A.B. asks: 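Sharing a structure here in structure tokens format.
Worth saying up front: this structure is predicted, and the values here are computed from it rather than measured. Sequence positions, counted from 1, serve as the residue numbers for this chain.
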Amino acid sequence: MKQKRHLKILELIDQNDVETQEDLLEMLKKCGFSVTQATVSRDIRELNLTKLTTGSGRQKYVPFYDRATLSKDKYVRVLKDGFISMDVAMNLVVLQTVSGMASAVCAAIDALELSGIVGSVAGDDTIMCATKSEEAANHLKDELQHLIF
């Protein structure tokens, strides 16, 4: 019974944005599972579920092994939150950020492992990403615009 319930939980969180244990409990009951809140809490721990913040700012349960998506979403959110503007100067992509956020945005860019960056430096509100060529800088700018917008 436990294995069937675990499979159903994974199916439910895959097909729905399950935000709370109570939501999951109600969904399981509608599917014919007689469970308590304590059981659902234990199942979440055993399945190694974690919460992911969605684009709308709400949270939902996801399997922890979905870590790459989880991390990417967080880094993109930091990038979007701190971004003000961007320009290319030869082989450099220069980003302006909210004051005090350049370091966090630069760390997010580094963690995203975007192609073509050979190094990056952050000040208080400015980031410079060095690439090998002007073409690579323009490609990086396009990649960043795709993530931000």
Side-chain angles (χ1 to χ4, degrees), residues 2-28 31 37 39-149:
K2 182 178 181 178
Q3 186 177 13
K4 286 183 181 182
R5 188 176 65 247
H6 281 191
L7 288 173
K8 181 52 85 174
I9 289 171
L10 291 172
E11 178 184 320
L12 288 169
I13 67 169
D14 183 53
Q15 296 175 354
N16 304 283
D17 286 348
V18 180
E19 297 179 28
T20 66
Q21 290 183 13
E22 292 78 19
D23 291 344
L24 186 55
L25 178 67
E26 290 304 313
M27 289 178 184
L28 286 168
C31 293
Q37 202 277 323
T39 300
V40 170
S41 180
R42 204 169 23 258
D43 288 343
I44 288 170
R45 190 171 46 256
E46 289 173 4
L47 288 168
N48 205 21
L49 302 181
T50 188
K51 286 197 172 183
L52 168 73
T53 303
T54 64
S56 66
R58 301 182 71 111
Q59 292 191 332
K60 69 177 187 173
Y61 281 105
V62 295
F64 188 69
Y65 59 77
D66 198 11
R67 186 117 176 110
T69 302
L70 178 69
S71 295
K72 183 178 178 185
D73 289 346
K74 286 184 178 183
Y75 295 133
V76 170
R77 189 173 61 247
V78 169
L79 177 61
K80 287 180 178 182
D81 287 348
F83 177 82
I84 291 178
S85 67
M86 172 173 41
D87 208 350
V88 173
M90 298 186 69
N91 69 318
L92 299 175
V93 177
V94 181
L95 293 96
Q96 295 297 311
T97 69
V98 174
S99 183
M101 287 206 51
S103 183
V105 172
C106 190
I109 290 169
D110 289 346
L112 288 167
E113 298 177 350
L114 301 174
S115 62
I117 299 175
V118 294
S120 58
V121 179
D124 180 61
D125 63 357
T126 305
I127 301 167
M128 291 193 313
C129 296
T131 64
K132 290 184 178 184
S133 66
E134 287 183 51
E135 181 182 331
N138 285 311
H139 179 72
L140 176 59
K141 180 181 178 186
D142 292 343
E143 278 187 281
L144 287 167
Q145 285 178 326
H146 177 74
L147 290 170
I148 295 166
F149 305 110

A.B. asks: Tell me, do Q3 and H6 make a side-chain contact under 4.5 Å, heavy atoms counted?
C.D. replies: no
A.B. asks: Between D43 and E46, does the side chain to side chain contact (heavy atoms under 4.5 Å, CB included) criterion hold? Intermediate values first, please.
C.D. replies: CA-CA 5 Å; D43 288 343; E46 289 173 4; 4.1 Å; yes
A.B. asks: For a quick test of your reading: what N or O donor-acceptor pairs under 3.5 Å do the side chains of residues 135-149 make, sequence neighbours left out?
C.D. replies:
from : atom 1 : to   : atom 2 : distance (Å)
N138 : ND2    : E134 : O      : 3.2
E143 : OE1    : S115 : OG     : 2.9

A.B. asks: Can I84 and T97 be said to form a side chain to side chain contact (heavy atoms under 4.5 Å, CB included), step by step?
C.D. replies: CA-CA 5 Å; I84 291 178; T97 69; 5.5 Å; no
A.B. asks: Identify the heavy atoms of Y75 and A108 that sit nearest to each other, and give their distance.
C.D. replies: O-CB, 3.6 Å
A.B. asks: Would you compute the distance between atom CD1 of I9 and atom CG of L28 and round it to the nearest 0.5 angstrom?
C.D. replies: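 CG of L28 is found 5.0 Å from CD1 of I9.
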A.B. asks: Flag the pair N91 / V118 as yes when at least one side-chain heavy-atom distance between them is below 4.5 Å, and no otherwise.
C.D. replies: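 They are not in side-chain contact.
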A.B. asks: Can you find a heavy atom in the side chain of D81 that is under 4.5 Å from one in the side chain of V98?
C.D. replies: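 No. Closest side-chain heavy atoms not under 4.5 Å.
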A.B. asks: Take atom CE in M128; do more than 12 heavy atoms of anything else shown fall under 6.0 Å from it?
C.D. replies: no
A.B. asks: Quick one: CD1 on I109 to CD1 on I127, what's the gap to the nearest 0.5 Å?
C.D. replies: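 If we round to the nearest 0.5 Å, I109:CD1 and I127:CD1 are 4.5 Å apart.
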A.B. asks: Within a 6.0 Å radius of atom CD on Q15, are there more than 12 heavy atoms belonging to other residues, nucleotides or ligands?
C.D. replies: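 Yes.
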A.B. asks: Could you state the interatomic distance from CG (L7) to CZ (R5), rounded to the nearest 0.5 Å?
C.D. replies: 11.0 Å
A.B. asks: Could you list all the salt bridge (Lys or Arg N to Asp or Glu O under 4.0 Å) pairs where at least one residue sits in residues 18-28, not counting sequence neighbours?
C.D. replies: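 For residues 18-28, and leaving out neighbouring residues, the salt bridge (Lys or Arg N to Asp or Glu O under 4.0 Å) pairs sorted by first residue read E19-R58.
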A.B. asks: If you look at every heavy atom in Q37 and L25, which pair is closest and at what distance?
C.D. replies: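 Of all heavy-atom pairs spanning Q37 and L25, the closest is N-CD1, 4.1 Å.
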A.B. asks: Hey, could you give me the CG/CD distance between D14 and E11, rounded to the nearest 0.5 Å?
C.D. replies: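 The CD atom of E11 is 8.0 Å from CG of D14, to the nearest 0.5 Å.
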A.B. asks: Before you tell me yes or no, could you show the steps for D124 and S99 under side chain to side chain contact (heavy atoms under 4.5 Å, CB included), namely the whole-Å CA-CA distance, both residues' side-chain angles and the distance that decides it to 0.1 Å?
C.D. replies: CA-CA 6 Å; D124 180 61; S99 183; 2.9 Å; yes
A.B. asks: Start with the C-alpha distance between K72 and L112, add both sets of side-chain angles, then the distance that settles side chain to side chain contact (heavy atoms under 4.5 Å, CB included), and finish with yes or no.
C.D. replies: CA-CA 7 Å; K72 183 178 178 185; L112 288 167; 3.8 Å; yes
A.B. asks: Could you state the interatomic distance from CG (L12) to SG (C31), rounded to the nearest 0.5 Å?
C.D. replies: 5.0 Å
A.B. asks: Got a second to check how far S120's OG is from D110's CG, nearest 0.5 Å?
C.D. replies: 3.5 Å
A.B. asks: Closest approach of K51 and T20, non-hydrogen atoms and distance?
C.D. replies: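 Closest pair (atom of K51, atom of T20, distance): NZ-CA, 4.4 Å.
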A.B. asks: Taking side chain as C-beta onward, heavy atoms only, is V105 less than 4.5 Å from F83?
C.D. replies: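 Not touching, per the 4.5 Å side-chain cut-off.
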A.B. asks: Could you tell me which non-hydrogen atom of C129 sits nearest to which non-hydrogen atom of L95, and how far apart they are?
C.D. replies: SG-CD1, 4.2 Å
